[in-house]
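Order of the sequence lines sets the chain letters (A, B, ...), proteins ahead of strands, with each chain counted from 1. Note that the structure is a prediction, hence the values are computed from the model and not measured.
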2 protein chains.
Amino acid sequence: MTARRRGKAPSQADVARLAGVSQSAVSRVISGNAATARIPEETRQRVFEAVRELGYVANPAARAMRKQRNNLLGVHTFERVFPHAHEDFYFAFLLGIEERAEETGFDLVLFTSTGPGRGGGGERGERKIYKDGTNRLNLADGSILLGVSTDRGELARLWYEGYPFVHIGRREVPGAEIPQIIPDYRTASARIVERLAELGHRRLGYVREWMEMEPYEDRRTGYAEAVGRLGLTDTSPGFHGTHGIESAWLDEVARGAVTAIVVESVRLAESLREQLAARGRKIPDDVSVAVLEAAPADLSGQWDSLVIPRTEIGRIAVDRLQTMLDDPDQRTGSLFVPCPLIPGTTVTAVRE
Amino acid sequence: MTARRRGKAPSQADVARLAGVSQSAVSRVISGNAATARIPEETRQRVFEAVRELGYVANPAARAMRKQRNNLLGVHTFERVFPHAHEDFYFAFLLGIEERAEETGFDLVLFTSTGPGRGGGGERGERKIYKDGTNRLNLADGSILLGVSTDRGELARLWYEGYPFVHIGRREVPGAEIPQIIPDYRTASARIVERLAELGHRRLGYVREWMEMEPYEDRRTGYAEAVGRLGLTDTSPGFHGTHGIESAWLDEVARGAVTAIVVESVRLAESLREQLAARGRKIPDDVSVAVLEAAPADLSGQWDSLVIPRTEIGRIAVDRLQTMLDDPDQRTGSLFVPCPLIPGTTVTAVRE
DNA sequence: AGGAGGTGCTCATACGTATGAGCGCTGATG
DNA sequence: CATCAGCGCTCATACGTATGAGCACCTCCT
């Protein structure tokens with residue numbers, strides 16, 4: 001390696017000078033579009049020689065400006081990644097995203113500058129896509145949005161501007177058809193009901209969380225549909241709005257009014273177990289219970305439940321995004337990803 | 001928002017047209033260097049109006065090309081981040097990096113494209129900085145290097161080319177003075193020895209890992225120095241080269257030849273505990289033991305040990321890098337970060 | 001009246017890369 | 001010998017932004 005302009009990285013022009021060719025020749029050699037190149041081996045060697053000598057490496061900014069690609073995939077999380085990664089929330093998604101990005105030769109940008117930063121925004125650390133008129137996202141060719149987006153307006157604008165992105169998880173935005181990749185809770189819930197039916201259960205119950213977010217809606221419709229389709233009976237007081245678990249209903253369950261219960265979260269399932277125990281009833285001996293949620297850590301509980309294929313979803317998100325990048329017109333719609341059921345010890349055949 | 005050129009993001013030129021000014025005026029308004037701007041409020045408003053109307057947002061590639069800054073900080077790990085994050089290795093570092101990046105308004109690039117990717121490289125998933133002549137790192141203004149770099153040559157080249165980076169952890173490269181940020185194992189080890197001395201211990205032992213890496217060297221010199229300085233006695237067979245823990249030496253320990261032992265890892269400490277137990281000796285009743293390593297998970301063991309302030313180190317790395325960016329000539333040297341000792345239940349005053 | 005100094009912009013250019021168009025040359029073909 | 005294809009390049013330009021230089025106009029002062 002020899003002389004280099006002080007403080008400046010060498011450019012193709014420098015290489016060209018050294019190799020005794022034009023800058024455009026250098027460009028052709030390096031980003032060798034062999035089809036249109038028409039540069040003989042000997043010249044190529046001279047150029048590579050000069051490249052080595054100067055330690056030339058392409059300027060990504062210039063390259064990005066010329067082509068319309070960076071090979072950068074953005075990851076926007078609406079909160080900080082790592083504290084949550086620790087709690088395994090974003091973690092598995094990121095795992096899949098990273099894997100797939102590596103496999104396809106992309107780098108990842110974590111948009112941290114969009115946070116409240118110095119002085120701006122609230123303590124909670126919520127991140128905005130648009131911040132004082134600057135959308136940092138378009139630094140990347142496209143982005144994956146992850147987490148709970150509080151501001152539907154931002155999503156709408158992003159979509160309107162034609163920026164390529166996919167949203168992990170369900171988020172309906174009126175007037176915008178944002179590409180989402182969604183765990184198929186609906187089918188999974190239905191399958192759980194089908195399985196209970198196969199095991200002879202006819203009278204089911206459903207215990208819901210208090211939240212009204214889209215993902216829960218899906219579970220609820222899946223359950224309701226399957227119950228209807230299979231001609232089963234649903235006797236859930238909570239199904240139409242109650243928050244806690246009504247003790248009157250629990251008494252009925254204890255009396256045998258219901259043989260299987262579908263529950264929206266492990267938290268509620270644990271509570272259910274206690275309350276039934278207080279009434280002298282055991283799971284699964286007296287009542288079968290399946291859970292419609294599974295954080296990885298919950299596996300220890302041995303609940304029969306569905307599993308959200310987080311890593312897989314991360315990988316899929318990357319692929320989807322790449323499809324969109326390759327063909328910008330193709331606005332791919334939403335994609336549902338099957339959620340496998342994992343067997344536990346809380347569901348058995350009905351005994352009567 | 002109205003007409004926009006099909007498939008193209010609006011540029012300053014478009015805004016200028018709409019506002020009836022020149023492109024350079026737009027640039028001055030937007031990246032308002034108030035000092036040289038000389039644009040009256042009325043015009044500014046017209047421009048902002050046009051910006052809003054078109055939904056203009058700056059093109060980061062062009063901007064990056066013009067200024068020499070992206071506000072992008074690279075994070076290069078020599079292996080995949082997330083599988084390890086899970087084991088809490090990279091995790092705490094990244095936590096600090098992310099925090100500090102957010103606070104200072106930088107985005108983070110995770111260099112994933114540098115991995116073996118499609119077809120290239122080994123199964124192990126090792127990542128290279130230089131890959132077919134392209135150094136992706138310079139996509140970012142500067143980078144933090146994290147983990148075990150196998151290839152010193154890459155570091156040397158990176159340094160030679162004047163790219164701003166800091167290396168977390170110690171890595172000596174002949175001929176290159178790479179800026180490192182290093183847990184101060186040496187002082188910490190010395191402090192542990194001092195503490196043992198204060199507690200009345202005079203005859204110490206040291207049990208070493210088999211590895212010969214720089215970080216262990218630091219621990220060893222710190223220990224040796226302190227022992228010398230305080231006039232203590234060291235009777236460690238392993239100190240000059242043995243791998244396992246010699247049973248002859250353990251017998252001596254059991255006979256009371258040594259009252260306190262410093263160990264390089266929790267793994268070895270656990271083993272030590274067992275072997276002493278087999279000889280009827282207990283920690284700390286008969287022998288005090290301190291550990292020179294602490295993965296977060298190890299805290300459960302209640303060993304007296306040092307703690308590596310990983311999050312803090314991540315934050316410091318970001319700040320260091322920024323200093324280098326602000327003043328490119330200033331090649332900051334290495335920085336040692338103090339490692340606090342955390343008290344456990346395995347060290348007590350000597351009893352005799 | 002004439003100059004000085006300030007205001008409100010515009011002009012031109014540079015950053016580094018990629019690429020369509022084109023130019024001069026050589027060798028083959030009719 | 002004229003023509004023509006193909007080779008091995010070079011020229012020129014565009015991408016979008018930032019910025020030093022400078023121009024036209026106005027106001028104020030002497």
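Under the 4.5 Å side-chain criterion, counting only non-hydrogen atoms from C-beta, B:Asn71 is in contact with A:Arg136. At least one side-chain heavy atom of B:Val57 sits under 4.5 Å from a side-chain heavy atom of A:Glu161.
To the nearest angstrom, C1' of D:dA18 lies 13 Å from CG of B:Asn59. At whole-Å resolution of the value, CG in A:Asn70 and P in D:dG16 are 14 Å apart. Rounded to an integer number of Å, the gap from B:Leu54 CG to D:dG16 P is 14 Å. The distance from atom CZ of B:Arg46 to atom P of C:dG8 is 13 Å, rounded to the nearest whole Å. Rounded to an integer number of Å, the gap from A:Tyr56 OH to C:dG16 P is 10 Å. Taking atom CD1 of residue B:Ile30 and atom C1' of nucleotide D:dA18, one finds them 11 Å apart after rounding to whole Å. Straight-line distance from the CE atom of A:Met65 to the C1' atom of C:dA14: 11 Å, rounded to whole Å. Rounded to whole angstrom, the span from the CZ atom of B:Arg63 across to the C1' atom of D:dT19 amounts to 14 Å.
Under the side-chain contact (heavy atoms from CB on, under 4.5 Å) rule, A:Leu145 has a single partner from A:Ile129, A:Thr77, A:Val75, A:Ile178, which is A:Ile129.
Side chain of B:Ala62, nearest nucleotide from D:dA18, C:dG8, D:dG16: D:dG16. Listed candidates were D:dT10, C:dA14, C:dT17. Nearest to the side chain of B:Arg66 is C:dA14.
Residue B:Val26 is out of contact with every strand shown, counting any heavy-atom pair closer than 4.0 Å.
Proximity of A:Ser27 to the phosphate of C:dT17: no side-chain N or O atom is located under 4.0 Å from OP1 or OP2. Checking the phosphate oxygens (OP1, OP2) of D:dG16, no side-chain nitrogen or oxygen of B:Ser11 falls inside 4.0 Å.
Between the side chain of B:Gln12 and the base of D:dA18 there is no donor-acceptor pair of N/O atoms closer than 3.5 Å. Between the base of C:dG20 and the side chain of A:Arg38 there is no donor-acceptor pair shorter than 3.5 Å. Taking 3.5 Å as the limit, the base of D:dA18 and the side chain of B:Gln68 contain no donor-acceptor pair of atoms between them. Side-chain to base pairing of B:Ser24 with C:dC11: one donor and one acceptor N or O lie within less than 3.5 Å of each other. Below the 3.5 angstrom threshold, one finds a donor paired with an acceptor across the side chain of A:Arg28 and the base of D:dT10.
By the 4.0 Å N-to-carboxylate-O rule, A:Glu41 lies close enough to A:Arg44 to be salt-bridged with it.
The nearest heavy atom of DNA chain C to A:Ala13 and to B:Thr43 marks one nucleotide each, and the one closer to the 5' end goes with B:Thr43. Of the two residues contacting DNA chain D, namely A:Pro40 and A:Gln23, the nearest-nucleotide position lying further toward the 5' end is that of A:Pro40.
A cation-pi arrangement, defined by a distance under 6.0 Å to the six-membered ring centre and an angle within 45 degrees of its axis, is present between A:Arg157 and A:Tyr130.
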